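Excluded from the calculations below are hydrogen atoms, water molecules and symmetry mates; all remaining heavy atoms, backbone and side chain alike, are included. For clarity, every value in this text was computed on a predicted model and none was experimentally measured.
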Protein chains: 2
Amino acid sequence: MIPNTVPVNQTPEEKFREYLSSRVKPQRFTEQQREMVRYIFGQHEHFDAEQLMGDMKAAGLVLSRATAYRTLAKLVDAGLLRRLLTGDKSRFEHDYGYPDHDHFHCMKCNKMIEFHLPEVERTLSELAREHGFVASRHNLIVHGTCDPCNQAKTPRRLLDLI
Amino acid sequence: MIPNTVPVNQTPEEKFREYLSSRVKPQRFTEQQREMVRYIFGQHEHFDAEQLMGDMKAAGLVLSRATAYRTLAKLVDAGLLRRLLTGDKSRFEHDYGYPDHDHFHCMKCNKMIEFHLPEVERTLSELAREHGFVASRHNLIVHGTCDPCNQAKTPRRLLDLI
DNA sequence: ATTCTTGCAAAGCCTTTGCAACTGC
DNA sequence: GCAGTTGCAAAGGCTTTGCAAGAAT
């Protein structure tokens, strides 16, 4: 449904280096940052800070919580990652080298299904223009339950019984 | 652009009472809850928990933080309020008696501008159906800067100078 | 009377930050 | 060597929760 990639002419690592060095106040590219970028772009799941640290630790890569958060913020700012607002904590996904898309979020299994609706985006930017609003990005998540979870037909839980 | 209200046949207070008494385990309607419902539906701004408590206190109505949060959760569950995910904290707005809509969120002045695009909703539910996804609600926020803030033309701040 | 709600303060959770040691450039 | 980065632990901001006292049904 969504093509897997968009052609890019730099690796995520290169793009990040470029971002860092182009700052008014140049920033440094460290080993921890390199490991994070490589690990993150070596897979394609949505993740949150805690998951990332856990997975990297399991892969023998260690970094402190502080560095994880600090670097994630830079990666978002650099346009390499996109931050998703799902309610509680921040979740991240690839931005660079991956087409724009929105999500279905399954409230049962927590899975995120990507989709892309160009006409919706066109409609939105048109409306924004009419309002004199300068749109920079949007966040669209449709909450519900996914097909597998619906098929499962688990007897619904009576939340009020407690 | 958006009609101000949708016809409803119960006051918010009545609807909340009904919700409370229809629970498997009936809940009680207290004075603090009544004050909250009346205060909230007596105005029409978007608000967060802290603002609500501050405003109510200024109006001579007191309630504890715990009660504010607990009641807001019930009001959302009852379909009276809608919870908006703007990133940091939860913001709320009327749901009952107010048409579905989405938002432009101004990143400079924090204002939220409402809009309603039926065709977008139609497109989304169609796509959901195709995926076997059962959608229950969605959250769409377009971030950017609003017309007044754009007109203001304040010299842009060099965030990197620090 | 029973059972839910309140208020307080403490704890929880995610995220940020001060500071000394460290490292990229 | 200078200036930015790391790691630790502590603090921060928003939200939830345990518990005893109070209130709704």
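- In this structure, B:Phe16 atom CZ and C:dC4 atom C1' are separated by 13 Å, rounded to whole Å.
- Counting all heavy atoms, side chain and backbone alike, B:Ser21 lies closest to B:Glu18 at OG-O, 3.2 Å.
- Using a 30° and 60° split on the angle between ring planes, B:Tyr98 and B:His44 fall in the tilted class, from 30° to 60°.
- Partners of B:Gln51 by side chain to side chain donor-acceptor pair (under 3.5 Å), not counting sequence neighbours: none found.
- Going from atom CD of A:Glu13 over to atom P of C:dG24 covers 14 Å, rounded to whole Å.
- Qualifying ring pair (Phe, Tyr, Trp, His ring centres under 6.0 Å) partners for B:Phe47, counting only residues two or more places apart in sequence or in other chains: B:Phe92.
- Computed from coordinates, the A:Phe47 CZ to C:dT15 P distance equals 12 Å when rounded to whole Å.
- For A:Ser90, a side-chain nitrogen or oxygen approaches OP1 or OP2 of C:dT15 to under 4.0 Å.
- For A:His46, the ring pair (Phe, Tyr, Trp, His ring centres under 6.0 Å) test picks out A:His103, with sequence neighbours left out.
- Computed from coordinates, the A:Glu50 CD to C:dT16 P distance equals 13 Å when rounded to whole Å.
- Computed from coordinates, the B:Arg83 CZ to D:dT16 C1' distance equals 12 Å when rounded to whole Å.
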Which donor-acceptor pairs under 3.5 Å do the side chains of residues 54-64 of chain B make with protein atoms, sequence neighbours left out?
residue: B:Ser64; atom: OG; partner: B:Thr67; partner atom: N; Å: 3.2
residue: B:Ser64; atom: OG; partner: B:Thr67; partner atom: OG1; Å: 3.0

Generate the contact string for nucleotides 19-25 of chain D. Rules: B means base contact, S means sugar-phosphate contact only, - means no protein heavy atom under 4.0 Å.
----BBS

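- Judged as a ring pair (Phe, Tyr, Trp, His ring centres under 6.0 Å), and not counting sequence neighbours, the contacts of A:His143 are A:His105.
- Shown here are the side chain to side chain donor-acceptor pair (under 3.5 Å) partners of B:Glu13, two or more places apart in sequence or in another chain: B:Arg38.
- The CG-P distance, from B:Asp77 to D:dT16, rounds to 13 Å in whole Å.
- The salt bridge (Lys or Arg N to Asp or Glu O under 4.0 Å) search around B:Glu45 returns none, not counting sequence neighbours.
- For the pair A:Gln33 and C:dG24, the criterion of a side-chain N or O lying under 4.0 Å from OP1 or OP2 is not met.
- Going from atom CG of B:Asp48 over to atom C1' of D:dG13 covers 12 Å, rounded to whole Å.
- Qualifying ring pair (Phe, Tyr, Trp, His ring centres under 6.0 Å) partners for A:Phe133, counting only residues two or more places apart in sequence or in other chains: B:Phe104.
- Note on the helix from C:dA1-D:dT25 to C:dC25-D:dG1: terminal axis deviation equals 40°, with five pairs used at each end and the result rounded to 10°.
- Contacts of B:Ser90 classified as side chain to side chain donor-acceptor pair (under 3.5 Å), with partners at least two apart in sequence or in another chain: B:Arg83.
- Close to C:dT3, at under 4.0 Å from its OP1 or OP2, lies no side-chain N or O of B:Lys25.
- Atom P of nucleotide D:dT15 and atom NZ of B:Lys89 are separated by 8 Å, given to the nearest angstrom.
- Residues of residues 51-69 of chain A that place a heavy atom closer than 4.0 Å to DNA chain C, in numerical order, are A:Arg65, A:Ala66, A:Tyr69.
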